[in-house]
Amino acid sequence: MPDRSARDRDRHALRHRVPSAPSLLVTLDASRDHPLHHQVYADIRDAILSGRIAARSQLPSTRLLASELRISRTTVSLAFDQLRAEGFLEARERGGTFVAATIPDRVLSSGRHPPSRTSARPQPPARSRAASSVPKPSRRGAALASLTTPALSFSGREPRAFRTGVPALEVFPHSVWGQIAARLWRRAPRALLAYGVPNGYEPLRRAIADYLEVSRGARCTSEQVIIVGGSQEALYLAAQLLIEPGDTAWIENPGYPGARNALSAAGARLVGVPLDGEGLDLAHGLRVAPNARIAYITPSHQYPLGVTMTVGRRLALLEWARDAGAWILEDDYDSEFRYTSRPLPSLQGLDAEAGDRDTRVIYIGSFSKTLFPSLRIGFLVVPSALVDAFAAARAVIDRQSPTVDQAVLAEFIDQGHFLRHLRRMRALYAERQDALLRGIRDGPLVEHIDTGPSDAGMHLVGWLRHHRDDARASTRGLEVGIEAQPLSAMTLGPVSRGALLLGYAAFAPSTLVRASEKLGIALQALPGQGSVSSRERRIAHSSHHT
Ligand SMILES: Cc1ncc(COP(=O)(O)O)c(C=O)c1O
């Protein structure tokens with residue numbers, strides 16, 4: 001406890017120098033998550049910014065404040081230290097703590113400073129502040145913020161059947177990954193800790209170029225590989241660099257919302273191009289928008305329908321791109337998971353093979369499906385002439401990907417762990433897909449859906465037989481704990497036949513069987529909207545015009 005004389009001195013200082021008693025200045029609430037020293041800090045900071053304590057006025061001593069608030073002096077000292085470090089308070093040589101003289105008067109009580117988020121006693125906004133200072137993004141910002149990513153609402157929550165796009169995280173070889181990381185950290189070469197080049201860590205670029213050549217038939221040097229924070233950043237960068245606002249972009253319809261958003265953000269006019277049994281319906285695209293500047297496609301395994309683009313269609317698409325001077329964004333997000341045959345080589349390789357000129361294809365890959373999505377490492381393969389532009393733009397956005405993660409990944413690939421993991425995943429996913437197909441065939445779901453192609457990927461498309469409104473069917477699923485995204489969330493415009501996406505990669509066979517039974521029962525209880533005709537079913541099977 002402070003001694004009596006010191007206390008009297010402090011009381012005097014308080015009466016004469018600070019307009020309110022310490023207990024009015026600071027209100028503590030032990031039930032709040034924030035530590036007490038932070039509450040003291042936040043309240044004094046707010047009092048200064050709102051003008052309740054004037055610049056240059058003296059604060060009570062830590063001893064008095066501690067005694068009045070019935071807390072330890074160390075707690076108050078911690079708060080004062082923080083306020084001094086931030087320049088709100090200053091200590092004078094002859095003793096005492098004062099509100100800094102350097103805080104400009106126009107900041108104080110101007111209303112421009114909102115009370116601290118962590119303040120124990122939030123202040124009501126001043127009248128003058130109310131309407132005028134509501135923060136608003138720019139028009140471009142508002143347009144960006146209005147773009148919706150359907151899968152985002154599930155992010156951060158434990159996946160439930162049939163969430164799509166989540167790999168089997170439980171079998172990721174984290175101990176191997178950890179050993180490589182530990183070895184790197186023991187050596188910790190300076191090059192891993194300093195700024196790196198925006199293109200990406202060279203050994204990783206080399207490992208990716210080698211992998212793409214052998215496994216994806218791509219034709220590129222490591223200089224053409226740009227490491228980015230996942231496919232999403234690759235799409236954003238490509239759209240920003242290659243299209244003018246107002247340019248037309250073909251997108252698969254239905255298609256990947258992430259690509260749609262990236263193109264929209266760059267100001268593209270989106271034209272949905274439907275799919276048929278051979279992939280993108282090129283004739284449709286040529287009819288409605290022959291002068292498109294860019295086409296986004298997933299030729300190895302169309303997202304979400306699962307069609308593989310035939311070689312004939314690929315060659316025709318490349319010819320169109322060359323003639324029209326258009327770009328092709330080839331998103332090769334999950335071609336590794338093919339169960340019946342080897343994947344077709346990439347479009348990038350096919351185009352690069354066809355002549356001595358640079359390709360029109362921008363190839364995009366990601367480790368989100370093959371390893372784990374939070375790694376946030378993806379890559380682009382770009383024509384040589386565009387490498388510098390992509391690297392410069394990448395540096396503007398977020399400079400580079402974390403080098404240590406890139407170095408761990410490079411060793412993981414070089415030491416053969418990546419290919420081993422892929423082989424294991426392929427076998428596991430084939431098993432899981434089998435279980436899902438069995439669960440559908442042997443349970444009540446068989447009455448409600450027809451499944452789409454099953455030769456590749458991490459999900460199946462379940463075409464609804466009796467419910468046109470797939471959003472309603474999806475909501476019904478959610479009510480019984482089943483996550484099955486509706487196809488209509490992936491389309492521009494309405495769908496003629498609804499479908500649910502049934503992801504299986506992240507779930508054990510028994511979970512998949514139980515979940516298909518649950519979904520079947522749930523759909524039984526949902527009033528039908530008239531059966532889909534056999535003609536509509538044929539159309540949905542052989543072609544996918546929505
Ligand atoms: C078509 C498609 N492309 C790319 C990705 C991967 O995106 P990212 O690398 O940004 O995680 C996904 C993931 O769901 C996808 O469905």
Side-chain angles (χ1 to χ4, degrees), residues 155-159 163 165-216 220-234 332-337 364-381 391 394-395 397-429 431-432 458 505-508:
S155 300
R157 282 193 259 148
E158 187 60 25
R163 193 181 303 177
V166 188
L169 299 174
E170 74 280 11
V171 288
F172 176 73
H174 50 86
S175 58
V176 174
W177 186 272
Q179 281 159 15
I180 297 174
R183 204 164 350 98
L184 281 172
W185 274 117
R186 268 198 302 278
R187 276 187 274 129
R190 287 171 59 87
L192 290 193
L193 307 183
Y195 283 116
V197 289
N199 312 42
Y201 183 63
E202 155 59 20
L204 178 59
R205 284 191 278 128
R206 217 175 325 122
I208 289 173
D210 291 348
Y211 165 73
L212 291 178
E213 186 178 349
V214 174
S215 301
R216 304 297 304 117
C220 66
T221 62
S222 62
E223 282 75 38
Q224 288 172 263
V225 176
I226 313 263
I227 311 288
V228 287
S231 309
Q232 194 57 42
E233 188 176 14
D332 206 23
Y333 67 107
D334 79 347
S335 60
E336 285 81 3
F337 304 123
I364 294 173
S366 170
F367 291 97
S368 287
K369 311 293 156 191
T370 51
L371 296 178
F372 56 99
S374 76
L375 182 61
R376 302 319 299 149
I377 296 185
F379 52 89
L380 295 133
V381 177
R394 196 333 162 55
I397 295 176
D398 59 349
R399 193 163 174 129
Q400 63 167 92
S401 294
T403 310
V404 176
D405 289 344
Q406 295 185 69
V408 175
L409 178 53
E411 290 205 14
F412 189 83
I413 297 173
D414 287 343
Q415 293 171 9
H417 302 297
F418 181 60
L419 288 181
R420 208 166 302 132
H421 181 58
L422 284 183
R423 272 198 299 278
R424 188 163 175 216
M425 290 297 97
R426 210 173 287 130
L428 189 73
Y429 292 174
E431 232 173 69
R432 293 183 172 186
M458 297 163 71
F507 309 102

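Position 1 is the first residue of the sequence; numbering continues from there.
In this structure the side chain of L422 reaches within 4.5 angstrom of the side chain of F337, judged on heavy atoms. Here the side chains of I413 and L204 are in contact, with some heavy-atom distance below 4.5 Å. Side chains of I227 and I208 form a contact here, defined as non-hydrogen atoms less than 4.5 Å apart. At a threshold of 4.5 Å between non-hydrogen side-chain atoms, the residues R432 and F507 do not count as touching. Considering only heavy atoms from C-beta on, L409 comes within 4.5 Å of W177 through its side chain. Considering only heavy atoms from C-beta on, L192 stays 4.5 Å or farther from W185 through its side chain. By the 4.5 Å heavy-atom criterion applied to side chains, S401 and R376 are not counted as neighbours.
Between A194 and T403 the shortest heavy-atom distance is O-OG1, 4.4 Å. Minimum heavy-atom separation, S222 to E202: OG-OE1, 3.6 Å. Across S366 and S231, no two heavy atoms sit closer than the pair CB-OG, 3.1 Å. In terms of heavy atoms, V404 sits closest to L184 at O-CD1, 4.4 Å.
Between E336 atom CD and M425 atom CE the span is 12.5 Å, to the nearest 0.5 Å. Distance check, rounded to the nearest 0.5 Å: CG of L169 to CZ of F372 gives 9.0 Å. Once rounded to the nearest 0.5 Å, the distance linking CG of L380 with SG of C220 reads 11.5 Å. R205 contributes atom CZ, which lies 6.5 Å from atom CD of E223 (distance to the nearest 0.5 angstrom). Going from atom CD of Q179 over to atom NE2 of H174 covers 11.0 Å, rounded to the nearest 0.5 Å. For the atom pair F172 CZ and R424 CZ, the distance stands at 11.5 Å (nearest 0.5 Å).
For the pair E213 (side chain) and D210 (backbone), a donor-acceptor distance under 3.5 Å is absent. Listed for the K369 side chain is no donor-acceptor partner under 3.5 Å among the backbone atoms of P167. At distances below 3.5 Å, at least one donor-acceptor pair connects side-chain atoms of Y429 with backbone N or O atoms of A168.
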### Task
Could you please spell out the steps behind the side-chain contact (heavy atoms from CB on, under 4.5 Å) verdict for T370 and H421?
CA-CA 8 Å; T370 51; H421 181 58; 5.8 Å; no
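The aromatic rings of F367 and F379 sit tilted relative to each other, their planes meeting at an angle between 30° and 60°.
Residue pairs meeting the side chain to side chain donor-acceptor pair (under 3.5 Å) criterion with at least one member in residues 407-418, sequence neighbours excluded: R183-E411, E411-Q415, Q415-H417, H417-R420.
Remark: R394 engages E233 in a salt bridge, criterion side-chain N to carboxylate O under 4.0 Å.
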